[in-house]
Amino acid sequence: MDFLKPRYTPMNRRRRIYEGKAKVLYEGPEPGTLIQHFKDDATAFNAKKHEVIDGKGVLNNRISEFIFQNLNDIGVPTHFIRRLNMREQLIREVEIIPLEVVVRNVAAGSLATKLGLEEGTQLPRSIIEFYYKNDALNDPMVSEEHVTAFGWASPQEIDDIMALAIRVNDFLSGLFLGVGIRLVDFKMETGRLWENDTVRIVVADEISPDSCRLWDIKSNDKLDKDRFRRDMGGLVEAYTEVARRLGILPESDTPNGRGPVLVTSKD
Ligand SMILES: Nc1ncnc2c1ncn2[C@@H]1O[C@H](COP(=O)(O)OP(=O)(O)O)[C@@H](O)[C@H]1O
Ligand SMILES: [Mg+2]
C-alpha cells in the first residue's frame, strides 16, 4: 500500500502550538490559520490504551478532508481550508468550545451499556449528547444546564451547535449509506470563528473513522476505531476500505485489489 508510505518532508522549524493525542497543531502561514498534522497514534479510554498504527494519520487526513470539503460545499461552515500534504491540512484557527458533541442514530458503546440497549438497536430519533472536553475529568457527559451555567456556550450557541450537528448527521448518514455503511454515531467539535466583528460557530477538529462508528450495512463489520478499542485488529484495512468506498483512494491502493498492473511491450 504505497500511499501509506510517508512522502512528506516534516517541517520542524514551524512553531508548534499544541500536541494532542492524535494530532499536532502548528502555526499557519497567515494569521488566523493553523496547520493540523495527523499522527499515527491511536488512543482510547482517555489515553489509557495507546498504540502507533502506521498509516492511520494519512488515512484520517484524507477522509476528514473529504468530509469537511463536502460540508463546506453544501454550506455547513467548517474550519477546513485545504489539504497541504499526506498528513497535514490548513485550517482556520477557532476558539474551541470545550464540548464533544455526539450524535447517535443507533445504540452502541456507552449508551448501549448505560441504558441496557442491545448494540445495533435503531434509536427512536437521533440523539445529541454533550461531553465536557476535559481529559483530567475523563470527558464527563453534561447537560445544556451545565453548558450554560458554566458559560462554555450560550443558549444561542447551543442552538447553533445542535443545528450544525443535525446537518452534519444528515449529510454523513446519506454519504455513508450511499457506500453501504451505516453511520451509528459520531463525535464532532465546534469553535467560534471571528470574521470582522461577527462570530459564528463552525465545525472544527476532524471527522474520521476515529470519531465515527461505521458499520458495513450487510455484514455489520466495524470500520472504525472500535477495532482498536476492542482489540479486533485490521484497523488500517478498515479505514482504507472506508476511503476506497468514498472514492478518495485510487482502486490500485485497495488492500484486496489486484494492485498496479505492469504494462509490458507486446513486441
Ligand atoms: N480550528 C481549530 N482551531 C483551534 N484548535 C483546534 C481546531 N481544530 C481542532 N482543534 C483542537 O486541536 C486539538 C487536536 O488534537 P487532538 O490530538 O485531537 O487533541 P486532543 O488530545 O485534545 O483530542 C484538539 O484539542 C482540538 O480541540
Ligand atoms: Mg481529539
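Treat the numbers as computed from the prediction; the structure is a model and nothing was measured. Just so it is clear, the values below take in all heavy atoms, side chains as well, and ignore hydrogens, waters and symmetry mates. In listed order, ligands and their atoms are each counted from 1.
The shortest non-hydrogen separation linking D224 to C212 is CB-O, 3.1 Å.
Surrounding NZ of K218 are at most 12 heavy atoms belonging to other residues, nucleotides or ligands under 6.0 Å away.
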Can you list, pair by pair, the side-chain donor-acceptor contacts under 3.5 Å of residues 167-174, counting residues two or more places apart and other chains?
residue, atom, partner, partner atom, Å
R167, NH1, G75, O, 3.4
R167, NH2, I74, O, 3.0
N169, OD1, N105, ND2, 2.9
N169, ND2, N105, OD1, 3.0
N169, ND2, S126, OG, 3.3
S173, OG, N169, O, 2.7

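Some N or O of H79 is nearer than 3.5 Å to an N or O of ligand 1, by distance alone. Geometrically, ligand 1 and L25 share no nitrogen or oxygen pair separated by less than 3.5 Å. Between K21 and ligand 1, at least one pair of N/O atoms sits closer than 3.5 Å.
Ion pairing of D160 with R200 is absent here, as no side-chain N (NZ or NE/NH1/NH2) approaches a carboxylate O to less than 4.0 Å.
The nearest heavy-atom contact from the protein to atom 13 (C) of ligand 1 is Y18 CE2, 3.6 Å. Annotation: atom 25 (O) of ligand 1 to nearest protein heavy atom, K133 NZ, 3.4 Å. For atom 5 (N) of ligand 1, the closest non-hydrogen atom on the protein side is I96 CG1, 3.4 Å.
Heavy atoms from both the backbone and the side chain of D205 come within less than 4.0 Å of ligand 1. Only side-chain heavy atoms of E189 come within less than 4.0 Å of ligand 1; its backbone N, CA, C and O stay farther off. Here K23 has heavy atoms under 4.0 Å from ligand 1 in both its backbone and its side chain.
Within the structure, the closest approach of E95 to ligand 1 does not fall below 4.0 Å when heavy atoms are considered.
Inspection of the N61 and Q89 side chains reveals an N or O donor paired with an N or O acceptor under 3.5 Å.
H79 and F68 have their aromatic ring centers within a separation under 6.0 angstrom.
A cation-pi arrangement is present between K49 and F228, with the terminal nitrogen or guanidinium carbon under 6.0 Å from the aromatic centre and inside a 45° cone about the axis.
When V24, D210, N46, V94 are ranked by how near their heavy atoms come to atom 4 (C) of ligand 1, first place goes to V94.
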